[in-house]
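Within every chain, numbering begins at 1; the chains are lettered A, B, ... in the order of the sequence lines, protein sequences first and strands thereafter.
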Amino acid sequence: MLATQDTKSFQHALLAWYTSVAKDYPWRQTTDPWHILVSEVMLQQTQVATVLGKGFYTRFLEKYPTPASIANAPEQDILSAWEGLGYYRRVRNLQKAARAICEQHKGIFPTQHAAILALPGIGQYTAGAVSSFAYNQPQPIVDANVARIFSRLFDYQERVDSSAGTKQLWQWADQLLSHHEPRLHNSALMELGQQVCSNKSPQCLLCPIKPWCQTKNPEDLPIKKARKKTVLVDELCMLAICDGKILLHKAADSARRSGMWKLPEREHHELETQDLLLKTNYAITHHKVTLYIYQAPDKTEPATGEAWHSLDSLDKLPMPSPFRKALNSLLEDYFV
DNA sequence: CAGCCGTGGTC
DNA sequence: TGACCAAGGCT
């Protein structure tokens with residue numbers, strides 16, 4: 001831990017650095033709590049470049065500028081707005097949160113940290129982010145950036161993703177938090193983790209808080225539990241097109257990628273004699289999937305969860321990225 | 001607490 | 001190429 005006076009110097013050095021290098025992300029140009037929340041949920045386990053690069057943030061807020069605007073939106077529409085971002089449960093929770101705001105807070109975004117934390121899909125990090133970024137309230141945040149910074153700052157040679165490690169990180173975040181400039185302080189930590197105290201090849205020579213940093217081997221920190229080993233999986237699907245319609249399958253509520261449409265699956269013995277149209281790979285969580293797409297047998301009938309859709313409506317159906325790409329490729333060939 | 005959820009980038 | 005990871009949260 002740092003002494004009180006040292007903490008102030010630390011905060012000052014961090015802030016001075018930030019004001020000189022800060023990027024002007026769109027979510028830093030607003031204090032609208034709904035806009036801040038949308039950005040934070042999009043950025044959960046998702047890099048800034050992904051959110052900004054394909055225009056997700058701007059497009060989503062044009063369509064859903066307020067909690068009320070999404071509260072009663074169709075499932076298909078919100079999933080389509082999220083298509084390509086992954087972790088599709090996030091947008092469902094975003095809608096649940098919007099409904100809670102409309103029903104329990106009269107449509108006014110809550111200002112109390114506890115009320116924000118109680119919203120669906122909002123955990124400790126996101127609640128702290130909204131509280132500090134939107135309202136400039138003195139709430140600490142710990143995300144992957146902050147965890148990396150503090151594990152190095154205090155040379156923390158234990159796992160950060162354990163119960164004790166998490167508790168320690170939040171304690172440090174709380175103790176170092178600037179109550180004078182919580183918004184800028186938290187933004188500065190995120191920026192530092194991105195630009196300087198990065199996962200690979202940290203730029204210690206450029207670090208504004210180097211005088212306080214205790215580690216000699218930043219590249220070895222933070223310590224986390226080993227990842228689960230990648231599992232290889234085959235996925236056998238079919239392309240069934242008839243009279244301008246295509247057969248698709250909608251993932252059940254409880255299933256992975258719930259509500260998203262993809263090509264229907266069949267057992268190996270049903271497809272082994274069919275033509276193989278496409279073979280491709282994609283990753284999902286800890287799986288590496290080899291996707292085989294066969295020409296469907298004649299007179300294929302819809303199974304549970306499957307339905308015929310007009311080819312014209314394909315663009316409006318929410319679809320996981322691997323299937324969107326595969327289908328684009330297949331249909332390009334189909335119509336040549 | 002362990003496991004799970006998507007995708008794209010990096011080396 | 002495969003392993004690792006990113007503005008996490010839920011079950």
More than 12 heavy atoms of other residues, nucleotides or ligands under 6.0 Å from [atom1] of [X]: yes or no?
X: A:His287; atom1: NE2; result: yes
X: A:His180; atom1: NE2; result: no
X: A:Arg89; atom1: CZ; result: no

Nearest-nucleotide check on DNA chain C, A:Pro120 vs A:Arg28; residue mapping nearer the 5' end is A:Arg28
Below 4.0 angstrom from OP1 or OP2 of B:dT7, is there any side-chain N or O of A:Thr50?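 For B:dT7, neither OP1 nor OP2 has a side-chain N or O of A:Thr50 closer than 4.0 Å.
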Checking A:Arg59 against A:Phe56: charged group under 6.0 Å from the ring centre and within 45 degrees of the axis? yes
Using a heavy-atom cut-off of under 4.0 Å over every strand shown, decide if [X] touches base, sugar-phosphate, or nothing.
X: A:Gly84; answer: sugar-phosphate
X: A:Lys54; answer: sugar-phosphate
X: A:Thr230; answer: sugar-phosphate
X: A:Tyr25; answer: base

Has A:Thr58 got a side-chain atom pairing as donor or acceptor with A:Gly55's backbone, closer than 3.5 angstrom?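 Pair absent, no side-chain N/O of A:Thr58 close to backbone of A:Gly55.
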Examine distances only and state if a side-chain atom of A:Glu83 and a backbone atom of A:Met319 form a donor-acceptor pair shorter than 3.5 Å.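 At least one qualifying donor-acceptor pair exists.
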In chain order, what residues pass the ring-ring contact (aromatic ring centres under 6.0 Å, His included) check against A:Tyr64, with sequence neighbours excluded? A:Phe60
Rounded distance in Å between the C1' positions of C:dT1 and B:dG8: 16 Å
If you measure from the P atom in B:dC4 to the same atom in C:dA7, how many Å do you get, rounded? 23 Å
List, by chain and then residue number, the residues other than [X] in its hydrophobic cluster (Ile/Leu/Val/Met/Phe/Trp/Tyr, side-chain heavy atoms under 4.5 Å); write none if there are no others.
X: A:Leu206; answer: none
X: A:Leu247; answer: A:Leu236, A:Met238, A:Leu271, A:Leu276, A:Tyr292, A:Tyr294, A:Trp308
X: A:Leu205; answer: none
X: A:Leu232; answer: none

Going by heavy atoms closer than 4.0 Å, what residues in residues 194-205 of chain A are next to DNA chain C?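 Per residue number, the list reads A:Gln194, A:Asn199.
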Residues touching DNA chain C, which here means a heavy atom under 4.0 Å, drawn from residues 122-150 of chain A: A:Ile122, A:Gly123, A:Gln124, A:Tyr125, A:Thr126, A:Asp143, A:Ala144, A:Asn145, A:Arg148
Where do N or O atoms of nucleotides 2-6 of chain B meet protein N or O atoms at under 3.5 Å, pair by pair?
| unit_1 | atom_1 | unit_2 | atom_2 | d |
| --- | --- | --- | --- | --- |
| B:dC4 | OP2 | A:Lys228 | NZ | 3.1 |
| B:dC5 | OP1 | A:Arg256 | NE | 3.1 |
| B:dC5 | OP1 | A:Arg256 | NH2 | 3.2 |
| B:dC5 | OP2 | A:Arg256 | NH2 | 3.4 |
| B:dC5 | OP2 | A:Thr285 | OG1 | 3.2 |
| B:dC5 | N3 | A:Tyr87 | OH | 3.4 |
| B:dG6 | OP1 | A:Tyr88 | N | 2.8 |
| B:dG6 | OP2 | A:Arg257 | N | 2.8 |
| B:dG6 | O4' | A:Tyr87 | N | 2.9 |
| B:dG6 | O6 | A:Tyr87 | OH | 2.5 |
| B:dG6 | N1 | A:Gln45 | O | 3.2 |
| B:dG6 | N2 | A:Gln45 | O | 3.2 |
| B:dG6 | N2 | A:Thr46 | OG1 | 3.1 |

In whole Å, what is the span from the CZ atom of A:Arg324 to the P atom of B:dG8? 13 Å
Keeping to residues at least two apart or across chains, list the ring pair (Phe, Tyr, Trp, His ring centres under 6.0 Å) pairs with something in residues 181-202 of chain A.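 Sorted pair list comes back empty.
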Considering only heavy atoms of chain A and a distance under 4.0 Å, specify the first and last nucleotide of DNA chain C in 5' to 3' order that meet this criterion.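 Using the under 4.0 Å cut-off, the span is C:dG2 to C:dC10.
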If the condition is side chain to side chain donor-acceptor pair (under 3.5 Å), which residues does A:Asn145 pass it with, not counting sequence neighbours?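 Counting only residues at least two positions away or on another chain, A:Asn145 forms a side chain to side chain donor-acceptor pair (under 3.5 Å) with A:Asp143, A:Arg148.
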In chain order, what residues pass the side chain to side chain donor-acceptor pair (under 3.5 Å) check against A:His269, with sequence neighbours excluded? none
